[in-house]
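In what follows, a single structure is set out as structure tokens and then discussed.
Bear in mind the structure is a predicted one, so any value in this text is a computation, not a measurement.
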Amino acid sequence: MVNVTINVERCKGCGLCVRACPKKIVELSKTKLNSKGYHPAEVVRPEECIGCKSCALTCPDAVIEITK
């Protein structure tokens, strides 16, 4: 099982991780805002994550951590 941790307070909602995900399971939240007013990224179907780390590697702020 792959565990994806996103530091929502540091996420600026740029969407690079959304475009990088080959499984299309990362999205920007439509309902949540962080303290800076950004819609943070979230994994909508974590059970489908393959742990490729494409999202984490493309994140310019290093807010995504993948563990297996």
Side-chain angles (χ1 to χ4, degrees):
M1 176 93 186
V2 178
N3 185 37
V4 181
T5 305
I6 300 174
N7 184 331
V8 297
E9 283 305 311
R10 288 186 47 222
C11 179
K12 62 184 177 191
C14 68
L16 293 174
C17 57
V18 174
R19 290 188 287 279
C21 180
K23 301 291 282 180
K24 305 299 181 205
I25 59 171
V26 180
E27 296 179 359
L28 295 181
S29 176
K30 293 174 180 65
T31 58
K32 299 176 192 168
L33 290 175
N34 64 19
S35 62
K36 296 176 185 166
Y38 297 119
H39 291 276
E42 61 185 4
V43 179
V44 293
R45 293 181 308 281
E47 67 279 359
E48 293 182 28
C49 181
I50 58 174
C52 69
K53 299 184 182 182
S54 292
C55 59
L57 293 171
T58 59
C59 179
D61 299 310
V63 302
I64 304 172
E65 182 180 331
I66 309 291
T67 55
K68 292 185 182 183

Practice task
Provide the closest heavy-atom pair for C11 versus V63 in the form atom of the first, atom of the second, distance.
Solution key: N-CG1, 4.0 Å
Problem - ILVMFWY network linking Y38 to V43, side-chain heavy atoms under 4.5 angstrom - result: no
Practice task
Calculate, to the nearest 0.5 Å, the distance between atoms SG and CD1 belonging to C17 and I25 respectively.
Solution key: 11.0 Å
Handout entry: Co-membership, hydrophobic cluster, residues L16 and I6, 4.5 Å side-chain
Key = no
Exercise for the section: Could you tell me the separation between the OG1 atom of T67 and the CE atom of M1, rounded to the nearest 0.5 Å? Expected result: 10.0 Å
Practice task
Check whether any side-chain N or O of H39 sits under 3.5 Å from a backbone N or O of T31 as a donor-acceptor pair, and report yes or no.
Solution key: no
Practice task
Mark yes or no for whether N34, through its side chain, and K36, through its backbone, hold a donor-acceptor pair below 3.5 Å.
Solution key: yes
Practice task
Using a 4.5 Å cut-off on heavy atoms from C-beta on, say whether the side chain of K32 contacts that of V8.
Solution key: no
Problem - Nearest-0.5 Å distance that lies between atom CZ in R19 and atom OG in S54 - result: 13.5 Å
Handout entry: K24, NZ: over 12 other non-hydrogen atoms inside 6.0 angstrom
Key = yes
Completion exercise
Rounded to the nearest 0.5 angstrom, the NZ-CD1 distance for K23 and I50 is 6.0 Å
Handout entry: Contact summary for V26 and A41, nearest pair of heavy atoms
Key = CG1-CB, 4.2 Å
Handout entry: Minimum heavy-atom distance I66-A56, with the two atoms named
Key = CG1-CB, 4.2 Å
Exercise for the section: Check step by step if side chain to side chain contact (heavy atoms under 4.5 Å, CB included) holds for V4 and I64. Expected result: CA-CA 7 Å; V4 181; I64 304 172; 4.0 Å; yes
Problem - Pairwise distance CD(E9) to OG(S35) - rounded to 0.5 angstrom - result: 3.5 Å
Fill in the blank from the handout: Rounding to 0.5 Å, atoms SG (C52) and CG (L57) come to a distance of 8.0 Å
